[in-house]
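As the structure lists them, so they are numbered: ligands from 1, and atoms in each ligand from 1.
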Amino acid sequence: MHIMVCVKQVPDTTEVKMDPKTNTLDRSSASAIINPYDAHAVEEAVRLRKEYGGKVSVISMGPPQAQEVIKKCIEMGADEGYLLSDRTFAGSDTLATSFIISMGIKKVMEKDPVDLVLCGKQAIDGDTAQVGPGIACRLGFPQLTYVEKIESLDLEKNHITVHRKIDSGFEVVRSSLPCLITVEKSINEISYSPLPDMIKAARYRPAVWGIGDFQSDPAQIGLKGSPTSVRSIFPPPQRSGGEILKGSNREVAKKLVDNLKGGILRWQS
Ligand SMILES: Cc1cc2nc3c(=O)[nH]c(=O)nc-3n(C[C@H](O)[C@H](O)[C@H](O)COP(=O)(O)OP(=O)(O)OC[C@H]3O[C@@H](n4cnc5c(N)ncnc54)[C@H](O)[C@@H]3O)c2cc1C
């Protein structure tokens, strides 16, 4: 079984700051990490390989430094990695990103068919959750999103059964293979990497493919292939602190009722 995991390098949003003048992310303020949802996808792929055999590949689109996330995946137990990196890819929206990644996966599939594609549920910077479904559409694969458990995989009957998170709980869904799955963090716990995989990762160099390495329509790539554009980005307004009412119980109750009435009047006007 060949599992392909899509991994994105993202700024660590626990550290990232906004530039108040330009209203853009100050990327230099944060270190780059593997998108946390994608780390869980890699962990799940490695778990499935241990149970069913086969190979785990990872693919990422990004600048040259994104090879660090591929190395991280090798450390986590992935077998090989591909980086899609080219100046013409810059400015890609989710439509163009899913197109480029699907072209990369198709190129891998020419030599080595893929049975399962795993993605994170969403990236913690873009947050759209559109790229996984976009890749599935372009590959012509069924898609199972928000998966929190892979219940079973039947390689003879060629199907997979999963639990999908829904508002009221979960639903159990079966799909034929190949298919694409996007995973929740709750799908597994990330384990520590063994020393041999850490050594392998330190020496590993992924294959790097640019625009010339696969047949693609330039009109579907980068800014040209991106019908959406980010007009501005800004942090939510800071919430003012709450008011502590002081006085006797009667006084506090009266002030509270007055405040509530005032709020309702402001809301109605
Ligand atoms: C320089 C720059 C310019 C941009 N310009 C625009 C723009 O003009 N308009 C616009 O709409 N957006 C723009 N973006 C944002 C861009 O669209 C998103 O970063 C990208 O499409 C991924 O979307 P997302 O972060 O919402 O991923 P999601 O859809 O939330 O990601 C879901 C999953 O898809 C996979 N995935 C996502 N991205 C990648 C990747 N790069 N490599 C491998 N797997 C991946 C991962 O498994 C991830 O967990 C720009 C980004 C950059 C860096």
Query raised in the report: Are Asp197 and Ile199 close enough that some pair of their side-chain heavy atoms sits under 4.5 Å apart?
Result: no
Query raised in the report: Mind checking whether Ser60 has a heavy atom under 4.0 Å from ligand 1?
Result: yes
Query raised in the report: What about Leu223: any of its N or O atoms under 3.5 Å from an N or O on ligand 1?
Result: no
Query raised in the report: Side chain, backbone, both or neither: which part of Asp127 comes within less than 4.0 Å of ligand 1 when only heavy atoms are counted?
Result: backbone
Query - Min N/O separation Lys121 to ligand 1 under 3.5 Å - result: no
Query - Which segment of Asp38 sits under 4.0 Å of ligand 1 when only heavy atoms are counted - result: side chain
Report summary line: Note: heavy atom closest to atom 15 (C) of ligand 1, options Ser98, Gly126, Pro11, Ser92, belongs to Ser92
Requested in this report: Give a yes or no on this: more than 12 heavy atoms of other residues, nucleotides or ligands lie within 6.0 Å of atom CG of Asn249.
Outcome: no
Report summary line: In ligand 1, the atoms that come under 4.0 Å of a heavy atom of Gly120 are 32 (C), 33 (C), 47 (O), 49 (O)
Requested in this report: Consider every N or O of Ile59 and every N or O of ligand 1, then say whether any pair is closer than 3.5 Å.
Outcome: no
Query raised in the report: Is Val7 touching ligand 1 with its side chain, its backbone, both, or neither, if touching means heavy atoms under 4.0 Å apart?
Result: backbone
Query raised in the report: Could a heavy atom of Ser226 be found less than 4.0 Å from some atom of ligand 1?
Result: no
Query raised in the report: ligand 1 and Cys119, any nitrogen or oxygen pair closer than 3.5 angstrom?
Result: no
Query - Flag side-chain contact, heavy atom, 4.5 Å: Glu151 against Val162 - result: no
Query raised in the report: When you look for heavy atoms under 4.0 Å from ligand 1, do you find them on the side chain of Thr97, its backbone, both, or neither?
Result: side chain
Requested in this report: Report yes if the side chains of Val114 and Val117 come closer than 4.5 Å at any heavy-atom pair, otherwise no.
Outcome: yes
Query raised in the report: Should Thr182 and Gln143 count as side-chain neighbours, where that means a heavy-atom distance under 4.5 Å?
Result: no
Query - Contact with ligand 1 for Val10, non-hydrogen, under 4.0 angstrom - result: no
Requested in this report: Kindly give the heavy-atom pair with the smallest separation between Leu84 and Ile100, and that separation in Å.
Outcome: CD1-O, 3.7 Å
Query raised in the report: Going by heavy atoms, is Gly62 under 4.0 Å from ligand 1?
Result: no
Query raised in the report: So do Lys185 and Pro36 actually touch side chain to side chain, heavy atoms under 4.5 Å?
Result: yes
Report task. Below 4.0 angstrom from a heavy atom of Cys6, which ligand 1 atoms are there? Numbered from 1 as shown, please. Result -> 44 (N), 46 (C), 47 (O)
Query - Gln130 vs Leu95 side-chain heavy atoms within contact, under 4.5 Å - result: no
Query raised in the report: So do Glu148 and Arg164 actually touch side chain to side chain, heavy atoms under 4.5 Å?
Result: no
Query raised in the report: Hey, does Met61 come in under 3.5 Å of ligand 1, counting only N/O atoms on both sides?
Result: yes
Query - Heavy-atom side-chain proximity of Arg49 to Lys55 below 4.5 angstrom - result: no
**Report entry** Asp125: numbered ligand 1 atoms lying under 4.0 Å from its heavy atoms
**Finding:** 25 (O)
Query raised in the report: Can an N or O of Ile101 be found at a distance shorter than 3.5 Å from an N or O of ligand 1?
Result: no
Query raised in the report: So Trp209 and Tyr82, would you call those rings parallel, tilted or perpendicular, with 30° and 60° as cut-offs?
Result: tilted
Query raised in the report: About how many Å separate CG of Leu177 and CD1 of Ile160, when rounded to the nearest 0.5 Å?
Result: 6.0 Å
Query - Nitrogen or oxygen atoms of Thr228 and ligand 1 under 3.5 Å apart - result: yes
Query - Gln130: numbered ligand 1 atoms lying under 4.0 Å from its heavy atoms - result: 29 (O)
Report task. Ignoring hydrogens and angles, state whether a donor on the side chain of His159 or Ser175 is under 3.5 Å from an acceptor on the partner side chain. Result -> no
Query raised in the report: Which of the atoms of ligand 1 are close to Ala129, meaning less than 4.0 Å from one of its heavy atoms?
Result: 28 (P), 29 (O), 30 (O)
